[in-house]
Amino acid sequence: MAEISEANDSDSSELQDNGSEAPQRPESEPDFDPKLMRKTKPGLKRLVLTFSVLFSFLLGFPFLWKSVEIYRSPLPFREIDSLSTQLRSDNLLFPLHFHALFVGFDHDPDHLRRSILLEITKLTSQNPKCSNSYTLSVNVDLGSHCLHSPVSSPHSSSYPCGSVTATDFVQNDDVAVDERLVSVFGGKTKEYIVAVVKGGSERAVVGKHRHAWMVVGGGRKVEVAAVKVAELLVKLFINGGREEGSIRNEFMPVGADGKIVLSFNLLNADPLDWVYDWDFEKIDDTLLAPMIEALGPVANISVESQVLYHTPKASFSFWNQKLESYVFSTKDLPFFVNSNEWHLDTSIAAGGRSNILQFAVYVPSAKECPLLLQLPNGEISKTNGFISPMWGGVIVWNPQGCLNDSEFEPSAKNIIPIQDLENMFEVFIGQFRQLFGFKSVNVYAGASGDWNLLPSERGFTEWELDVLSRQHTCFNLHSCATTLVSLSRLVQSLPRMIIMDDIGKQVKFSLEAAKLALSNASSGAYESSAAASSQARSLAEDAFFHPSIMSVSYYSFEHCFAVYSPFFLPVSMHVVLAALRELRRYKQEKAKYLVWKAKANTSS
Amino acid sequence: METFNNSKPILLFLLLPCLLLYSLIAFNSSSVEAAMHTNNWAVLVCTSRFWFNYRHMANTLSLYRTVKRLGIPDERIILMLADDMACNTRNKYPAQVFNNENHRLNLYGDNVEVDYRGYEVTVENFLRVLTGRHETAVPRSKRLLSDEGSHILLYMTGHGGDEFLKFQDSEELQSHDLADAVKQMKEKHRFKELLIMVDTCQAATLFNQLQSPGVLAIGSSMKGENSYSHHLDSDVGVSVVDRFTYYTLAFFERLNIYDNASLSSSFSSYNPSLLMSTAYYRKDLYKRNLEEVPVTNFFGSVMETIHTDAAYKALSRINSGRFEAQTSLDQSVHHIEKRMPMKVNDQEETHNIIPEGEEGASKCPWSTFWNKFRKGENVDTLVNYGLVAMIPLLVISTWLVQ
């Protein structure tokens with residue numbers, strides 16, 4: 001209270017601008033109590049001063065806020081969630097069209113169609129991730145006329161009647177039969193066509209394109225043929241020859257950025273015995289290039305090769321007198337690769353997220369030559385090779401020198417003979433197929449019979465490429481969705497982390513590519529959907545693994561608060577309190593003045 | 001204080017949707033298929049520098065040697081050494097590092113590939129290795145390129161304390177940082193199983209905050225206990241190995257790549273009286289039975305192999321010797337259908353989602369605060385928020401004094 005009266009005195013002494021009334025006690029006017037009344041209007045200077053300081057603080061506050069604001073590029077969280085729910089709820093559906101052609105059978109096509117469909121539903125397993133929707137049309141060609149079912153389907157009615165006869169299948173040349181079927185049905189459609197023909201010798205072959213045929217001997221029931229056809233359609237055309245339809249992660253060797261690097265290594269175990277070299281470029285152009293091009297939509301593949309010396313293996317082998325060679329068994333295979341001495345990891349072409357598959361040709365030393373692999377059933381392996389999923393494959397090649405000693409002249413460098421090299425690369429292609437989950441043998445042994453699989457010069461037949469495209473689309477899209485969901489969760493959990501524009505753009509492009517892949521998948525364009533899904537996945541991975549997303553580098557909110565509060569809190573407190581105090585004082589003075597005015601009015 | 005009481009129901013209302021969201025996310029991420037074990041990785045970290053911390057370097061190099069001997073190749077080992085003891089000017093035996101005073105084994109002999117050396121061993125680099133977020137120029141040998149089938153061994157040694165590990169005498173790795181990194185690794189399927197071995201003082205506190213499944217952790221000592229060195233080598237002049245690592249090596253020196261000793265036998269081989277501390281391991285996050293897991297699952301490298309049955313006889317038709325490419329054979333028949341992709345017309349949607357993310361972030365700090373407050377877990381944040389709450393008190397009291 002003392003302060004206020006002091007201020008009052010100094011105040012009244014300051015405000016002399018009007019200056020009419022003297023500050024002495026006017027005994028002339030009764031009831032003037034300086035504590036409760038004042039004669040002059042209170043000034044505004046003090047109020048203006050304090051409030052201007054407060055106002056400037058308030059004005060500067062948005063600038064301060066902006067300066068500590070972090071830049072977060074807006075991420076489309078809702079879109080990411082919708083993509084994830086879309087993939088999880090309605091399963092990715094690939095449309096497939098099957099066409100079964102029966103030549104020389106006199107059966108009702110509707111009945112055949114129903115029995116095949118029944119068998120298909122029995123064999124189809126429920127794949128939670130990606131399923132397929134299929135349509136089946138059946139044609140019965142009786143030479144003179146054709147019956148088809150369903151009647152309204154465009155696929156069945158477009159078949160030119162009488163173009164396929166039993167005589168086409170008489171010869172034993174499967175490739176020619178395949179070409180004939182292609183010429184009849186055209187290579188353009190994406191249908192899977194099975195021709196069941198009544199003929200002499202039993203034969204079941206799957207061609208290089210999307211056709212298969214079966215020669216059924218006379219007297220066989222057509223229902224049995226229907227079961228076999230259904231098995232072909234489900235097990236081979238849909239699943240690619242694998243056991244179950246689900247995708248196993250160890251058979252997805254494509255790296256996160258959609259690239260695979262094939263690293264071919266020729267390992268000379270002991271160069272003091274012999275040194276081998278190979279003509280890799282030629283083989284690369286002729287054998288590997290078509291395969292790499294065929295796999296273009298699925299993965300971007302590059303090839304490297306090197307020759308290494310002094311690379312002994314880590315496991316042991318034993319001399320087998322009967323076979324006159326050194327033998328190692330399948331139990332030694334896990335220990336074969338000698339990681340200490342085999343320096344296979346010298347790739348310079350591989351990026352950070354590509355996957356490297358190592359293919360090694362092991363040339364044993366003279367002390368262990370010839371080296372053969374013995375299988376558990378006692379047989380000797382025909383290929384002398386094995387794979388390790390996600391790593392690559394190894395082949396053991398025994399050089400001429402140990403097979404027949406007399407003819408061999410050791411020279412400084414020997415080149416692996418072309419025939420051997422070709423055989424070796426055929427095994428490599430088989431191993432590469434195994435790494436993708438296919439079998440390397442050319443026969444599929446199903447429950448209701450065997451199917452011969454025609455090999456393709458490109459390593460993968462067209463229907464196998466379709467299976468690969470479908471599986472990779474499914475895998476890539478799911479991986480992309482989970483990555484984006486993880487990214488959005490992470491970003492939302494660190495509210496003070498800077499999100500750069502790069503990340504926002506990558507997420508946007510990834511979502512666009514994923515949408516494209518989904519639309520292509522539903523319309524049946526497998527290759528373009530595989531390519532788009534691979535791009536979606538690689539962009540999502542780039543966004544998630546962006547090096548700026550490190551929680552260690554960003555200060556929490558408490559840290560910011562602790563940095564700024566020691567200055568701003570006391571100062572702002574004083575300023576606000578001063579303003580409030582001045583306001584209260586002004587109000588009091590105003591009230592006092594009003595009281596005096598009222599008194600003066602009443603007295604006068 | 002009345003305002004705080006009134007805001008309780010409001011806080012609860014804000015809390016519920018956030019809880020629902022978290023539970024949904026947790027439920028969905030738990031449905032993962034089991035992948036096959038494809039390879040083993042090892043990340044070996046020594047975090048101390050200076051000559052008197054020779055034993056930490058020797059610890060790490062001993063583990064490195066063991067792991068290489070049992071089969072893990074250099075390309076799957078990330079070795080981080082914070083200082084150079086072998087070529088240190090105080091080293092009486094230049095280019096040699098021993099872990100025993102009998103000098104039987106030279107750990108730095110040949111074929112040692114150090115990926116992160118000296119000042120490159122920082123908390124940030126360590127977390128980058130674990131989470132995989134490197135700059136694009138970082139070479140492959142410095143990256144942890146594991147996949148969903150990998151088993152990773154993470155060994156850390158140095159000076160540590162309650163919930164932290166000291167790096168380079170200047171910074172710390174906290175237990176929640178490590179837990180966060182492991183959580184991100186698990187989300188991105190960077191490992192199938194993870195074994196963390198820590199040899200520091202109060203080591204078991206470093207993995208207190210771990211919550212990801214598939215993680216097994218063992219520390220050399222519990223909270224409040226120190227880990228001690230084993231013996232002093234009077235020739236070299238410093239202690240050369242720690243007790244925990246010494247007894248670990250004693251167990252592994254008896255093994256080779258063909259052995260299948262189990263992890264439980266390894267863990268039970270530690271004698272607390274010899275270690276002078278209690279080696280504590282945490283297996284609540286690890287589903288498999290330790291009796292059935294061979295140590296080579298983490299410390300060695302046993303590859304899964306499949307025999308190749310046959311060659312792919314695509315070329316038996318082409319005459320041998322004819323190398324002129326018959327690539328045109330297939331291309332004439334093979335039509336690559338490249339239809340014009342149909343552009344989807346919801347690009348407008350991408351522009352309307354800007355404020356959504358910000359709102360979502362601001363709601364949940366309240367609920368996390370409320371969660372922590374209820375559990376009474378994290379005392380430090382409670383203290384922080386208490387300090388914040390003191391300010392209005394201060395303002396009000398100053399006002400009242402006037």
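Only this structure's heavy atoms are used, side chains among them; waters, hydrogens and symmetry mates stay out. Below, chain A is the first sequence line, B the second, and so on; all start at residue 1.
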*Is there a side-chain contact between B/Tyr258 and A/Pro334 (heavy atoms, below 4.5 Å)?*
no
*Can you name the residues that form a salt bridge (charged side-chain N to carboxylate O under 4.0 Å, His left out) with A/Lys382, not counting sequence neighbours?*
none
Side chain from CB out, backbone as N, CA, C, O: work out which of these in [X] comes under 4.5 Å of a heavy atom of chain B, or both, or neither.
| X | answer |
| --- | --- |
| A/Leu375 | side chain |
| A/Leu373 | side chain |
| A/Leu569 | side chain |
| A/Ser488 | neither |
| A/Phe438 | neither |
| A/Ile395 | neither |
| A/Trp391 | side chain |

Determine the option with the most heavy-atom pairs under 4.5 angstrom with chain B, choosing from [options].
| options | value |
| --- | --- |
| A/Val441, A/Ile387, A/Val427 | A/Ile387 |
| A/Gln434, A/Gln431, A/His546, A/His343 | A/Gln434 |
| A/Gly430, A/Gly393, A/Ser486 | A/Ser486 |

Let me confirm one number: the [atom1]-[atom2] distance from [X] to [Y], rounded to the nearest 0.5 Å.
| X | Y | atom1 | atom2 | value |
| --- | --- | --- | --- | --- |
| A/Arg353 | B/Arg143 | CZ | CZ | 7.0 Å |
| A/Thr483 | B/Glu187 | OG1 | CD | 10.0 Å |
| B/Lys183 | A/Leu490 | NZ | CG | 7.5 Å |
| B/Leu387 | A/Ser565 | CG | OG | 9.0 Å |
| B/Asp180 | A/Ser493 | CG | OG | 7.0 Å |
| A/Met390 | B/Met36 | CE | CE | 9.5 Å |

Can you give me the closest heavy-atom contact between [X] and [Y], atom names plus distance?
| X | Y | result |
| --- | --- | --- |
| B/Tyr312 | A/Leu454 | OH-O, 4.3 Å |
| B/Arg128 | A/Pro547 | NH1-O, 2.7 Å |
| B/Ile257 | A/Phe335 | O-CE2, 3.4 Å |

Has [X] got a side-chain atom pairing as donor or acceptor with [Y]'s backbone, closer than 3.5 angstrom?
| X | Y | result |
| --- | --- | --- |
| A/Ser388 | B/Thr305 | no |
| A/Thr383 | B/Thr308 | yes |
| B/Arg140 | A/Ser354 | yes |

*Honestly, is B/Arg133 close enough over A/Phe544, meaning NZ or CZ under 6.0 Å from the six-membered ring centre and within 45° of the axis?*
yes
Interchain contact, [X] with chain A, by part (heavy-atom threshold 4.5 Å):
| X | value |
| --- | --- |
| B/Asn39 | neither |
| B/Lys68 | both |
| B/Ser141 | neither |
| B/Asn384 | side chain |
| B/Glu148 | side chain |
| B/Leu145 | side chain |

_A/Thr330 versus B/His307, side-chain donor and acceptor atoms under 3.5 Å_ = no
*Go through the steps for B/Thr131 and A/Met550 under the test side chain to side chain contact (heavy atoms under 4.5 Å, CB included), then give the verdict.*
CA-CA 9 Å; B/Thr131 53; A/Met550 282 294 293; 4.2 Å; yes
*Among B/Gln184, B/Arg69, B/Gln174, B/Glu75, who wins on heavy-atom pairs under 4.5 Å with chain A?*
B/Glu75
*Quick one: list whatever passes side chain to side chain contact (heavy atoms under 4.5 Å, CB included) with B/Val112, sequence neighbours left out.*
B/Leu61, B/Tyr64, B/Leu79, B/Tyr108, B/Val114
